[in-house]
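Chain identifiers are assigned alphabetically (A, B, ...) following the order of the sequence lines, protein sequences preceding nucleic acid strands; residue numbering begins at 1 within each chain.
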Protein chains: 2
Amino acid sequence: MSKINILLAEDEPALGQIIKESLETRDFKVHLCENGEIALETYQKESPELLVLDVMMPKKDGFTLAKEIRTLDDSIPIIFLTAKSQTQDVVEGFTIGGNDYLKKPFSMEELIVRINNLLNRTKIQKTSDTLTIGNYKFDFPKQVLTIDGESQQLTHREAHLLFHLIKNKNQVLDRSLILNKLWGNDDFFSARSMDVFITKLRKKLQKDESIQIINVRGFGYKLVN
Amino acid sequence: MSKINILLAEDEPALGQIIKESLETRDFKVHLCENGEIALETYQKESPELLVLDVMMPKKDGFTLAKEIRTLDDSIPIIFLTAKSQTQDVVEGFTIGGNDYLKKPFSMEELIVRINNLLNRTKIQKTSDTLTIGNYKFDFPKQVLTIDGESQQLTHREAHLLFHLIKNKNQVLDRSLILNKLWGNDDFFSARSMDVFITKLRKKLQKDESIQIINVRGFGYKLVN
DNA sequence: CTAATCGGTTAACACACGTTAACACTGGTT
DNA sequence: AACCAGTGTTAACGTGTGTTAACCGATTAG
């Protein structure tokens, strides 16, 4: 069995080394990066299963890094390491979709417990996650949308957009929220692009007439069925 | 659109605030209480649809609070937040009957998923109940108004205005109340705008002559049939 | 009776969103 | 290198929604 890859971004070498070694004794493979930029490169090379990110780092801080990686993969578990117990930091970490956070100083036991929790949790989700909307079945990880035995492959963007619509079924899904989450910003062009994808999804969902993507002018979209 | 009320009892202010804000971005209304006693009072004032209770709290712990509220309402869904050190078997007794528990630390995504699950299960969700007014059927979430098999799609504003009119059928619906609720203020321009929408609704409701939107000068409107 | 106020109605308007197609970029194949 | 298919972005144009304006009649206070 191959070891589980963990990306660790920590600028303080001594602390980084300690964490790395501790985790390696628990049979994880650890890629230690000394700043956010290197971490992003390493992420793309190594496709780790989990991220441990220091919030305060030179070049690129942990939150910014997390936002960027979230546009590529919004299910990968992230643990933030925050220096101060500042509430504001923590709040930001959650709104990015970060899964967990640890206040420094923390014990190794604590970190390991949380890593194991997150890994278990995502495994469970991966095995059990086909979503249902009307007569459609949607396999998010595979990006396959099925109705009456007929399947169509969705693109990455289509799948993620649909995923969030389904997760917020019958509620208004905020435009700028989803733009920031999937596009990384909510400027004019991204908004235009999103409109195009809404059109595409409407077409792909039209085989069940009870399903509609309703626009709420100025706020966002509501998937109803 | 009335938001779903959630009562959140959490004594640690930082965490409480994070959860509250996260839930509010998902369009829930959250009442944050810092201990069990305040939570009980708030429960009686606000009649929330769902409870999220920290188990360890000063004044009154989550389990005791839950027992008391259960005597008043034995179907309301409750989610317990438990610290990781707490023993599993205590918790397991409460997993029956629409309840759930989350071990700290947990991710916001997870909490939101469970909230939606419980709301779906207990059918509190404000979904496809179709309202009836005269010979018309009105599907509020889909914003569709139907008579004699003919359907017309309403806009967001039209739908919400009609919703409140129907909810207050045969009663006077206060102008400034509805203006504040839908427009966010009750200034001159919003009032003018509302007049326009009343006109539009009158047109769309004229296929059943028994239905009328009557103006009560200086007070508001009354939908009668 | 007259003026002031409130609401009714229609139309003009600004802008958010819808739709289609052209375009640019990527990665794979020959 | 040249080509291709797939994906997402940009552009151009069209449509729909909500706001504002203008004009009107109805009601009521003075």
Side-chain angles (χ1 to χ4, degrees), chain A residues 44-45 47 68 71-74 142-145 151-163 165 172-206 212-223, chain B residues 1 142-145 151-165 172-206 212-223:
Chain A
Q44 286 164 330
K45 266 191 216 139
S47 356
E68 291 174 3
T71 65
L72 304 169
D73 180 341
D74 80 356
K142 289 184 183 168
Q143 306 181 184
V144 174
L145 187 62
S151 293
Q152 45 189 338
Q153 183 76 36
L154 300 188
T155 72
H156 183 246
R157 276 255 192 277
E158 289 170 348
H160 279 249
L161 183 52
L162 180 56
F163 176 76
L165 284 167
V172 178
L173 180 58
D174 190 69
R175 263 184 95 85
S176 60
L177 201 108
I178 206 69
L179 279 168
N180 282 315
K181 202 155 191 174
L182 297 197
W183 275 263
N185 65 68
D186 66 343
D187 67 17
F188 174 80
F189 294 112
S190 300
R192 248 66 271 295
S193 193
M194 178 173 161
D195 293 340
V196 174
F197 279 95
I198 290 290
T199 298
K200 288 179 178 170
L201 283 182
R202 284 191 175 127
K203 274 192 185 167
K204 299 199 169 182
L205 288 172
Q206 68 193 185
Q212 282 188 66
I213 299 175
I214 295 179
N215 171 253
V216 181
R217 187 186 165 92
F219 291 92
Y221 293 94
K222 189 169 60 166
L223 179 69
Chain B
M1 183 183 70
K142 288 187 183 168
Q143 308 179 181
V144 174
L145 188 61
S151 293
Q152 46 190 337
Q153 183 79 36
L154 301 188
T155 72
H156 184 243
R157 276 253 193 278
E158 289 169 349
H160 279 252
L161 183 52
L162 180 56
F163 177 77
H164 284 105
L165 284 167
V172 178
L173 181 58
D174 190 69
R175 264 184 94 85
S176 61
L177 200 109
I178 206 70
L179 279 167
N180 281 314
K181 204 155 192 171
L182 297 196
W183 274 263
N185 65 67
D186 66 343
D187 66 16
F188 173 79
F189 294 112
S190 300
R192 250 61 270 293
S193 193
M194 178 173 160
D195 293 340
V196 174
F197 278 96
I198 291 290
T199 299
K200 287 179 177 169
L201 283 182
R202 284 191 175 127
K203 275 192 185 167
K204 298 199 170 182
L205 288 172
Q206 67 193 188
Q212 283 188 66
I213 299 174
I214 296 176
N215 171 253
V216 181
R217 189 185 165 90
F219 291 92
Y221 294 95
K222 190 167 60 167
L223 178 68

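With rounding to whole Å, B:Asp186 atom CG is found 15 Å from C:dC6 atom C1'. Atom C1' of nucleotide D:dT15 and atom CZ of A:Arg202 are separated by 12 Å, given to the nearest angstrom. Rounded to whole Å, the distance from CD1 on A:Ile213 to P on D:dG16 is 18 Å. One interatomic measurement links the two molecules: CZ of B:Phe219 to C1' of D:dT27, which rounds to 14 Å at whole-angstrom precision. Between A:Leu179 atom CG and D:dG8 atom P there is a gap of 15 Å when expressed in whole angstrom units. B:Arg175 has its CZ atom 16 Å from the P atom of C:dT5, to the nearest Å. The interatomic distance linking A:Leu201 (CG) with C:dG18 (P) rounds to 12 Å, in whole Å. As rounded to whole Å, 15 Å separates atom C1' of C:dG8 from atom CD of B:Gln212.
Using a 4.5 Å heavy-atom threshold, the side chains of B:Leu182 and B:Leu161 count as touching. Residues B:Asp186 and B:Arg175 are not in side-chain contact: their nearest non-hydrogen atoms beyond the backbone lie 4.5 Å or more apart. Two residues are said to be in side-chain contact when any heavy atoms from C-beta on lie closer than 4.5 Å; A:Asn215 and A:Ile198 fail this criterion.
Between A:Tyr221 and C:dG18 there is a side-chain polar atom (N or O) within less than 4.0 angstrom of OP1 or OP2. The phosphate of C:dT10 has OP1 or OP2 within less than 4.0 Å of a side-chain N or O from B:Lys203.
When only modelled atom types and interatomic distance are considered, B:His160 and B:His164 share no side-chain donor-acceptor pair under 3.5 Å.
With hydrogens and angles disregarded, a donor-acceptor distance shorter than 3.5 Å links the side chain of A:Gln143 to the backbone of A:Leu154. Formation of a donor-acceptor pair under 3.5 Å by the A:Glu158 side chain with backbone atoms of A:Lys200 is not found in this model.
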> What is the per-nucleotide protein-contact pattern of nucleotides 17-25 of chain D, from the 5' end, where B denotes a base atom under 4.0 Å from a protein heavy atom, S denotes such proximity for sugar-phosphate atoms only, and - denotes neither?
Replying inline: BBBBSB---

